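Input: a single structure, listed below in structure tokens.
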Amino acid sequence: MNGNEISELTSMLPPPAVRNLPDERADVLREHMLTEFRRASEKNTAVPRRIHRRLARRPSRMALAGACVVAAATAIGSFVMVSGTGSPGAATPAAARLLAQIANAAEQQSSPQVRDSEFMYIRSEVAFASYTNGSQTPTMDKLHERQVWLPVANVCVAGLLIEEGERTPLSPYPVVNGKVVPPSPGEPSVTCGKGTVNGPTYRLLQSLPTDPRALLNLIYADTRGEGQAAGPDGEAFTTIGDLIREAIVPPRTAAALYRAAALIPGVTLVGHVTNAVGRPGIAIAWTNSQGRSEWIFDQATLQFIGERDYDNNAHEVTGDTAILQEAFVSKAGQLPGR
Amino acid sequence: MEPSLRGRVRDGDPDAFGVLFDNYSRAVYNLAFRLTGSWVEAEEVVSLTFLEAWRLRARVEPDGESLRPWLMGITVNVVRNFSRATRRHKAAMARLPEPTAVPDFADELAEHIDDTARLAALRAAFGRLRPTDQEVIALCVWAELDYAAAAEALGVPIGTVRSRLHRARGKLRQMAREPQRSPTLRQSGGYVAEPGRSAPGGTQ
């Protein structure tokens, strides 16, 4: 489960402003590069005059190169198409049936009234493997409690993580000495508001398309080019997993996410699993050469109750979680009333 | 069969490098800025990265997916060995037109950002990590490569990427707890070495 570690690192080390090379300068650099390379390839491909004349009857180098560019553009275009829409096919019939039931159950949940100033509170038990000193063999953490408070409406409002006795503010800004360093006025580098698919708030989740195909296309588009090892389908599964992992998902969005997952080729069903605290469930899984990720659902209520990751190479469980409590509270650090 | 982009890069087709530049120069530029903290240096790193990619093109496997991880790995190496890369491509870099002398609005903006506490805090924390850990963060967190792609880019096993990230997280958590030290200034080559501590290598 790369997501947690990466998102924590991101919160501790927010990237500085993203900026494009000014167009004119990019053109200068590009032209300089191509001039250097043409100069180099002319030097390397200089051929004796006699042979050169024989080659002259073939299409010229430049014409060939031009044809290649067109071919490459076509190839790249179709690659983008593929990664924009995923592979043909869908989840296995058994997985699709279960996901349809899970989606229906999610949709039946009542939609809570939530104020912008509130926080999502999620309490879970988690254990993840770490790989120490470059070892290929994972060592599992001890199962421990994890509590997060995430802002409902604005990613710039600091949330909070309490795990293993440590309190870590969660913020797109740097955290120094446990305090968020606020941005200077007018600083453009962090976009406040409801966030993105890769860093959502409750309001963002509410705004996602509820048509499963539209939602999945948005996820494919959003994750395009990322996660080369997993491929677009694996990346889409992972993204949906990231969205449901530690969040209160609005009922209609949850239903759409599960229906979208049913459209991803390679998604399978795993029967008879238990979450990290031993609650029995049934799982939806994604497998590749590295390992398998499972979303676990309660057998009776079909609610999401945790996750499990399995490393195929080490033949060990590398992630094991159980969701224990979810609620909206008015302040970060506040526990829900009973 | 049409030659793939990889195949054409490998064969030294300049136009294939044009395609690479169009697709990835932005990613290279931003990664370079994050590692060096300087937009001007980042621009030179873009040129050096593509010059290095040309030099190393024979190592590209004909089959595989995006060349982005490969270029990100070269970027990290160029930043790490900035002066060596500059020396190697001295002649080509001498032919690179100078940036225009008048700073544009964006440059002023960048200077403004440089002054903020936010960036200082970031650089202070980031700069105290081992260079090898900085590279893994740059690739996995900022360039958004997955663990396997970062491992490929850096030429290390995937377990090493995981353990470096894990170590960096532990160090950053620890730093968040301890009293703040004054930010260390950036030194040549883009990395900030903690005083009294040997820089590269690590014990992997």
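Basis for what follows: all heavy atoms, side chains included, without hydrogens, waters or symmetry-related copies. So that the names make sense, note that chain A is the first sequence line, chain B the second, and so on, each numbered from 1. Computed from a predicted structure; not experimentally measured.
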(request) Enter the distance from Leu9(A):CG to Leu172(B):CG here, rounded to the nearest 0.5 Å. (result) 6.5 Å

(request) Applying side-chain contact (heavy atoms from CB on, under 4.5 Å), name anything that partners Val28(A), two or more places apart in sequence or on another chain. (result) Arg25(A), Pro97(B)

(request) Report yes if some heavy atom in the side chain of Phe37(A) is under 4.5 Å from a heavy atom in the side chain of Leu51(B); otherwise report no. (result) yes

(request) Kindly compute the distance separating CG (Leu29(A)) from CZ (Phe21(B)), expressed to the nearest 0.5 Å. (result) 5.0 Å

(request) Compare every heavy atom of Ser47(B) with every heavy atom of His32(A), then report the nearest pair and how far apart it is. (result) ND1-OG, 4.4 Å

(request) Measure across Arg30(A) and Gly18(B) and return the closest heavy-atom pair with its distance rounded to 0.1 Å. (result) NH2-O, 3.4 Å

(request) Please round to the nearest 0.5 Å and tell me the distance separating atom OG1 of Thr318(A) and atom CZ of Arg162(B). (result) 7.0 Å

(request) Report the option among Leu96(B), Val46(B), Leu165(B) that has the most heavy-atom pairs separated by less than 4.5 Å from atoms of chain A. (result) Leu96(B)

(message) Please enumerate all residues that pass side-chain contact (heavy atoms from CB on, under 4.5 Å) together with Leu56(B), with sequence neighbours excluded.
(response) Glu52(B), Arg59(B), Trp70(B), Ile74(B)

(request) Could you tell me whether Asp13(B) and Arg38(A) have a side-chain N and a carboxylate O separated by less than 4.0 Å? (result) no

